[in-house]
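Below you'll find the structure, written out as structure tokens, and then a few comments.
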Amino acid sequence: QVQLVESGGGLVQPGGSLRLSCVASGSIFSIYAMGWYRQAPGKQRELVVVITNRGSTNYADSVKGRFTISRDNAKNTVYLQMNSLKPEDTAVYYCNARKIDEILGGGSWGHGTQVTVSS
């Protein structure tokens with residue numbers, strides 16, 4: 001099992017920035033991909049971005065050019081830099097990790113961190 005802990009959420013004005021962090025522990029050697037999901041009030045959880053062990057990334061169209069995923073292998077940490085935030089980015093953001101035999105939406109999950117974008 002992989003344990004994930006997110007942090008970095010908060011309240012920010014439109015146009016502002018936040019950086020989320022996800023620290024992984026446990027069976028980290030077995031991780032194939034990590035990603036960020038979000039769930040807004042009254043909406044279905046959606047994929048924001050995923051990054052594989054090889055470093056390839058896939059972003060949702062809604063965040064391309066504004067969000068950037070990165071990793072620090074020495075710290076077992078994945079980051080999500082969020083710039084030019086919009087009110088529609090308001091959601092609980094969840095970190096996800098999955099092994100190669102697990103499909104999108106499967107694997108391990110953190111408890112989430114709240115991001116609120118409001119004037």
Side-chain angles (χ1 to χ4, degrees):
Q1 290 288 115
V2 176
Q3 293 78 48
L4 304 171
V5 179
E6 307 101 327
S7 63
L11 175 64
V12 65
Q13 299 291 313
S17 298
L18 285 173
R19 188 181 72 166
L20 307 183
S21 299
C22 174
V23 180
S25 61
S27 301
I28 58 175
F29 59 88
S30 65
I31 296 175
Y32 166 71
M34 297 186 67
W36 291 93
Y37 290 71
R38 67 186 182 186
Q39 186 167 20
K43 296 184 178 180
Q44 186 177 353
R45 185 175 63 184
E46 65 175 345
L47 175 66
V48 178
V49 60
V50 61
I51 184 169
T52 70
N53 288 345
R54 298 185 302 274
S56 62
T57 57
N58 185 33
Y59 291 86
D61 289 341
S62 59
V63 306
K64 286 182 179 178
R66 300 189 299 120
F67 291 10
T68 303
I69 191 170
S70 61
R71 63 187 181 187
D72 185 336
N73 291 332
K75 297 181 179 180
N76 298 323
T77 301
V78 174
Y79 304 95
L80 183 65
Q81 179 66 47
M82 304 184 294
N83 299 325
S84 302
L85 283 163
K86 305 174 180 179
E88 51 262 44
D89 295 318
T90 296
V92 177
Y93 284 71
Y94 298 92
C95 185
N96 169 258
R98 57 185 171 92
K99 297 180 287 185
I100 195 167
D101 61 339
E102 296 173 322
I103 63 173
L104 286 172
S108 301
W109 295 90
H111 292 303
T113 184
Q114 176 71 48
V115 172
T116 302
V117 185
S118 179
S119 299

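None of these values were measured; they are calculated from a predicted model.
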Legend entry - Hphob cluster co-occupancy, Val50 + Met34, side-chain heavy atoms under 4.5 angstrom: no
Legend entry - From CG (Leu11) to CD (Gln114), nearest 0.5 Å: 9.5 Å
Inset, instruction - Report yes or no: do Leu4 and Tyr37 belong to one cluster of Ile/Leu/Val/Met/Phe/Trp/Tyr joined by side chain heavy-atom distances under 4.5 Å? - result: no
Legend entry - Side chain to side chain, Phe67 and Leu20, heavy atoms closer than 4.5 Å: no
Legend entry - Approximate separation, where rounding is to 0.5 Å, of Lys99 NZ and Ser27 OG: 7.5 Å
Inset, instruction - With the side chain counted from C-beta on, respond yes when Ser119 and Gln13 share a heavy-atom pair under 4.5 Å apart, and no when they do not. - result: yes
Legend entry - Ile51 side, atom CD1; Leu80 side, atom CG - distance, nearest 0.5 Å: 11.0 Å
Legend entry - hydrophobic_cluster_shared for Leu47 and Trp36, side chain cutoff 4.5 Å: no
Legend entry - Path from Leu18 to Tyr59 over hydrophobic side-chain contacts below 4.5 Å: yes
Inset, instruction - Give, for atom CD of Gln44 and atom CD of Gln39, the distance between the pair rounded to the nearest 0.5 Å. - result: 8.0 Å
Legend entry - Set of salt bridge (Lys or Arg N to Asp or Glu O under 4.0 Å) partners for Arg66, sequence neighbours left out: Asp89
Inset, instruction - For residues 45-63, pull every pair meeting salt bridge (charged side-chain N to carboxylate O under 4.0 Å, His left out), keeping only residues two or more places apart or in separate chains. - result: Arg38-Glu46, Asp61-Lys64
Inset, instruction - Rounded to the nearest 0.5 Å, what's the gap from CD on Gln3 to CD1 on Ile28? Could you check? - result: 10.5 Å
Legend entry - Heavy-atom donor-acceptor pair, Asn53 side chain to Ile31 backbone, under 3.5 Å: yes
Inset, instruction - Check whether any side-chain N or O of Thr113 sits under 3.5 Å from a backbone N or O of Tyr93 as a donor-acceptor pair, and report yes or no. - result: no
Inset, instruction - Flag yes if Val2 and Tyr79 sit in one hydrophobic cluster, no otherwise; membership is Ile, Leu, Val, Met, Phe, Trp, Tyr, and two members link when side-chain heavy atoms are under 4.5 Å apart. - result: no
Legend entry - disulfide (SG to SG under 2.5 Å): pairs with one or both residues in residues 21-96, sequence neighbours excluded: Cys22-Cys95
Inset, instruction - Report the distance from atom CZ of Arg98 to atom OG of Ser30, rounding to the nearest 0.5 Å. - result: 12.5 Å
Inset, instruction - Compare every heavy atom of Thr77 with every heavy atom of Val23, then report the nearest pair and how far apart it is. - result: CG2-OG1, 3.6 Å
Legend entry - Heavy-atom pair with the smallest gap, counting every atom of Ser17 and Ser84: OG-N, 4.3 Å
Inset, instruction - Ignoring hydrogens and angles, tell me if any N or O in the side chain of Asn96 forms a donor-acceptor pair with the backbone of Ser108 under 3.5 Å. - result: yes
